[in-house]
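Only one structure is covered here, and it is reproduced in the block below.
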Amino acid sequence: MDKRTFIKNAGLLSIGGAFGLGSLPELMNSVSAVPSSFLAKDEDFWAKIRGGYLLKPDYINLENGYYCFLPQETLENFIRHVREVNYQGSYYMRTVQVENKKKAAARLAEIGGCSADEIIITRNTTESLDMIIGGLHWKQEDEAIMAEQDYGAMLEMFKLTAKRYGIVNKVVSVPNLPQNDDEIVNLYAGAITEKTKLIMVCHMINITGQILPVRKICDIAHSRGVQVMVDGAHTFGHFKFSIPDLNCDYYGSSLHKWLSVPLGAGILYVKKENIGKVWPLLASGDIREDDIARLNHIGTHPAHTDLAIFNAIDYYNMIGAERKEARLRYLQNYWTDKVRNLPHIILNTPADPARSCGIANVGIKEMKPKDLADVLYKKYRIYTVPIDGANVHGCRITPNVYTSTDDLDILVKALTELG
Ligand SMILES: Cc1ncc(COP(=O)(O)O)c(C=O)c1O
């Protein structure tokens with residue numbers, strides 16, 4: 001029986017599309033032998049995945065970069081956890097809350113390929129990375145290196161740290177379309193001096209989707225005695241990688257982005273040997289210097305979100321990291337290939353598959369990004385976000401697994417007509 005017949009026979013092609021809870025495993029079983037690269041192009045299959053989302057009919061959402069809202073399956077489980085924690089009240093909080101959070105962190109460590117005692121669940125990337133920036137033992141005139149394309153919250157935290165400790169922030173600018181890794185690595189390496197203590201580098205630049213050669217930057221930084229903190233807000237659950245393979249010292253990500261965990265969950269990875277080098281954000285009591293729990297005290301927080309992490313991971317694993325990455329990459333290439341060479345188009349994202357995945361940024365010559373976003377929304381019912389700064393001028397286009405090529409055809413039509 002071929003894959004399509006199986007799906008039909010299994011009754012998954014119901015009109016209305018949404019598969020019931022529990023049928024996702026059957027759908028995935030039916031494609032278990034299909035290579036990811038092939039499945040990435042199978043609109044029938046991805047329409048079933050789309051059926052598991054409740055999509056607003058008002059617009060095509062190509063702004064998943066802020067928040068990858070939940071598929072119905074994870075949402076229903078999340079609501080169940082809210083009810084359960086509310087039902088058990090303090091009993092839940094006093095008995096299994098901490099243990100469950102640890103277990104969720106251990107599941108996340110599996111995705112990140114790191115040890116469970118090097119990862120904690122935070123509220124978001126901002127908390128994770130700002131804890132490191134604010135928590136290192138800075139001396140006056142120590143230097144930190146970052147890029148103008150980095151995220152505002154972290155750049156602001158470095159400014160605040162400069163005010164507090166008198167550190168010097170050196171800001172480089174990453175080209176949108178680099179020729180090779182050396183161009184990027186040399187940019188960071190060239191800014192290192194004897195006073196440099198920390199480099200912050202994005203794994204994926206949020207405004208363009210460019211993936212940076214983090215491993216090479218870490219290696220050169222370490223050879224000069226400099227630590228590296230990686231902003232992975234846009235990578236965890238987006239494409240496959242192992243944090244230890246990057247050889248970084250600190251890594252932060254937001255789980256409400258590509259892993260589709262409910263709002264307000266993130267991770268912080270700290271290489272074992274660095275755990276004692278960071279002041280906790282909030283005092284955590286008498287915890288051993290090498291125990292990452294000392295960085296994890298935030299007081300009472302929405303414990304049901306920790307529980308939904310299990311469901312989001314199950315959903316992610318069920319689709320499969322490779323399949324998801326292949327689909328996101330396919331979707332990005334699907335539209336960028338069609339417009340990249342149009343004379344009025346400016347693509348701010350490299351075509352090289354090693355330097356991009358699902359996100360790309362597009363501008364139109366002589367059109368302000370805000371005007372482009374406005375016309376995309378008003379005329380074509382496409383929701384995006386305009387970016388106009390740090391040498392990037394265009395709209396960020398962020399599909400998700402539920403995005404169809406029909407959606408992207410409308411984007412391509414719009415970009416073609418707007419010339
Ligand atoms: C590169 C990057 N870093 C950090 C953040 C902050 O994420 P959060 O608001 O979840 O802390 C974002 C958010 O979009 C981002 O794109």
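Each ligand, and each atom within it, is numbered from 1 in the order the structure gives.
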Quick one: which ligand 1 atoms are inside 4.0 Å of a heavy atom on [X]?
{"X": "Asn124", "value": "8 (P), 10 (O), 11 (O)"}
{"X": "His256", "value": "10 (O)"}
{"X": "Ala233", "value": "1 (C), 2 (C), 3 (N), 4 (C), 5 (C), 12 (C), 15 (C)"}
{"X": "Ser254", "value": "7 (O), 8 (P), 10 (O), 11 (O)"}
{"X": "Asn206", "value": "1 (C), 16 (O)"}

- Within the structure, does Glu127 bring an N/O atom to less than 3.5 angstrom of an N/O atom in ligand 1? no

**Item:** N or O pair under 3.5 Å between Arg396 and ligand 1
**Value:** no

What is the nearest protein non-hydrogen atom to [atom], stated with its residue, atom name and distance?
{"atom": "atom 15 (C) of ligand 1", "value": "Tyr151 CD1, 3.3 Å"}
{"atom": "atom 14 (O) of ligand 1", "value": "Lys257 NZ, 2.7 Å"}
{"atom": "atom 9 (O) of ligand 1", "value": "Thr126 OG1, 3.7 Å"}

Tyr59 ring centre to Lys56 NZ or CZ under 6.0 Å, with the angle to the axis within 45°? no

- With no hydrogens and no angle check, do the side chains of His393 and Asp388 hold a donor and an acceptor under 3.5 Å apart? yes

- prompt: Below 6.0 angstrom between ring centroids: does that apply to Phe241 and Tyr251?
  reply: yes

Item to complete: Run the ring-centre check on His203 versus Phe239 and record whether the distance is less than 6.0 Å.
Response: yes

Min side-chain heavy-atom separation Tyr380-Leu411 under 4.5 Å: no

**Asked** Can a salt bridge be assigned to the pair Arg327 and Glu43 using a cut-off of 4.0 Å between side-chain N and carboxylate O?
**Response** yes

Examine ligand 1 and decide if any of its atoms is less than 4.0 Å from a heavy atom belonging to Arg123. no

With heavy atoms and a 4.0 Å threshold, my read on which part of Asp231 contacts ligand 1 is side chain

Q) Does CD in Glu417 sit with more than 12 non-hydrogen atoms of other residues, nucleotides or ligands closer than 6.0 Å? A) yes

Around Lys271, counting heavy atoms of other residues, nucleotides and ligands shown, do more than 12 lie under 6.0 Å from its NZ?
yes

